[in-house]
Amino acid sequence: MDLNLTGKNALVCGSTQGIGKAAALELAQMGASVTLVARNEERLQEALTDLDRSKGQQHDYLCADFSSPETLATKLGAYLANDKTIHILINNTGGPPGGPIAVAGIDQFRAAFEMHLICNHILVTAVKEGMQKAGYGRIINVISTSVKQPLNGLGVSNTIRGAVANWAKTMANELGIHGITVNNVLPGATNTVRLQSIIENKAQKQGKTIEEVSQAMKSTVPAGRFAEANEVANAIAFLASPAAAYINGINVPVDGGRTKCL
């Protein structure tokens, strides 16, 4: 099975922590040269030092804030101005704040739509021509299992994630002829800063301890535990590889079996 990414360039969003950083580490170990993308330059510089360079990889970073799509487009355009080809794009952005959909404000939907779908589209628009010329493209969107089964208390997130999934499926249909695949990885409850924040908020609202909330969440997972970020990264890395060339337009839950539908 061909998992070798030597000579390939990967752009990984949200890559200073959690699933994004785990994906960047895995892709680098497979031989890819990785461009880290996040808004905190100090963290980007720190994360850059952790990437494997044993195969002559040339790693880099791009400091960009997804709350400003126009700024992202400008910075990305400048970064790619010298005909740098991106073969692998990992769209990964932290989820919107939690809360019931019935009380969500219009601005919450607008901000989430721009940070997720609009920024994803800006990134794909910028890199797809290079992928087409190279005859190799992998676009992988890190979304959520809410694409298949909406999660309680995450109204805005459920809405936007579903929109991104349908955008991705449409893009897969259009780009497949060019050797570009578009797939979605759907993490379940994963040991990240965001999960800890969700647990803390639930504990406060329910008057329970963090441990009680954690155990209740784990009890809904057949595997009986939360995922580690590297376990989600393994799925991302496989879909980025030459071995996954004929896998296109699918949702891949990485959730220990929690999602009840197929």
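Hydrogens, waters and symmetry mates play no part in the numbers below; they use all other heavy atoms, side chains included. As the structure is a computational prediction, the values presented were derived from the model and not from experiment. Counting from 1, the numbers follow the sequence of the chain as shown.
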Can you list everything that forms a salt bridge (Lys or Arg N to Asp or Glu O under 4.0 Å) with E174? Sequence neighbours excluded, please. none

Salt bridge (Lys or Arg N to Asp or Glu O under 4.0 Å) pairs, two or more places apart, involving residues 110-121: D107-R110

Can you name the residues that form a side-chain contact (heavy atoms from CB on, under 4.5 Å) with L3, not counting sequence neighbours? M1, M30, F238, S241, A243

With N91 via side chain to side chain donor-acceptor pair (under 3.5 Å) - residues at least two apart: N141

Can you run down the salt bridge (Lys or Arg N to Asp or Glu O under 4.0 Å) pairs that involve residues 9-24, sequence neighbours left out, and say none if there aren't any? K21-D50

Taking atom CZ as the centre, does R194 end up with more than 12 heavy-atom neighbours from other residues, nucleotides or ligands that are less than 6.0 angstrom away? yes

Below 3.5 Å, can you tabulate the donor-acceptor pairs from side chains in residues 202-211 to any protein atom, sequence neighbours excluded?
| residue | atom | partner | partner atom | Å |
| --- | --- | --- | --- | --- |
| T209 | OG1 | E212 | N | 3.0 |
| T209 | OG1 | E212 | OE1 | 3.4 |
| E211 | OE2 | Q215 | NE2 | 2.8 |

Residues 146-169 vs salt bridge (Lys or Arg N to Asp or Glu O under 4.0 Å), sequence neighbours excluded, gives none

If the condition is side chain to side chain donor-acceptor pair (under 3.5 Å), which residues does S68 pass it with, not counting sequence neighbours? T71

Mind checking side chain to side chain donor-acceptor pair (under 3.5 Å) for D60 and listing every partner two or more places apart, or none if nothing turns up? Y79

According to side-chain contact (heavy atoms from CB on, under 4.5 Å), who are the partners of N158, at least two apart in sequence or on a separate chain? S146, P150, L151, L154

Please check if any side-chain donor atom of N230 sits under 3.5 Å from a side-chain acceptor atom of E26, or the reverse. no

Using side chain to side chain donor-acceptor pair (under 3.5 Å) as the criterion, list what pairs up with N173, not counting sequence neighbours. none

May I have all residue pairs that pass salt bridge (Lys or Arg N to Asp or Glu O under 4.0 Å) and include part of residues 218-234, sequence neighbours excluded? R225-E231

So for atom CG, which belongs to D2, do other residues, nucleotides or ligands contribute more than 12 heavy atoms lying within a distance under 6.0 Å? yes

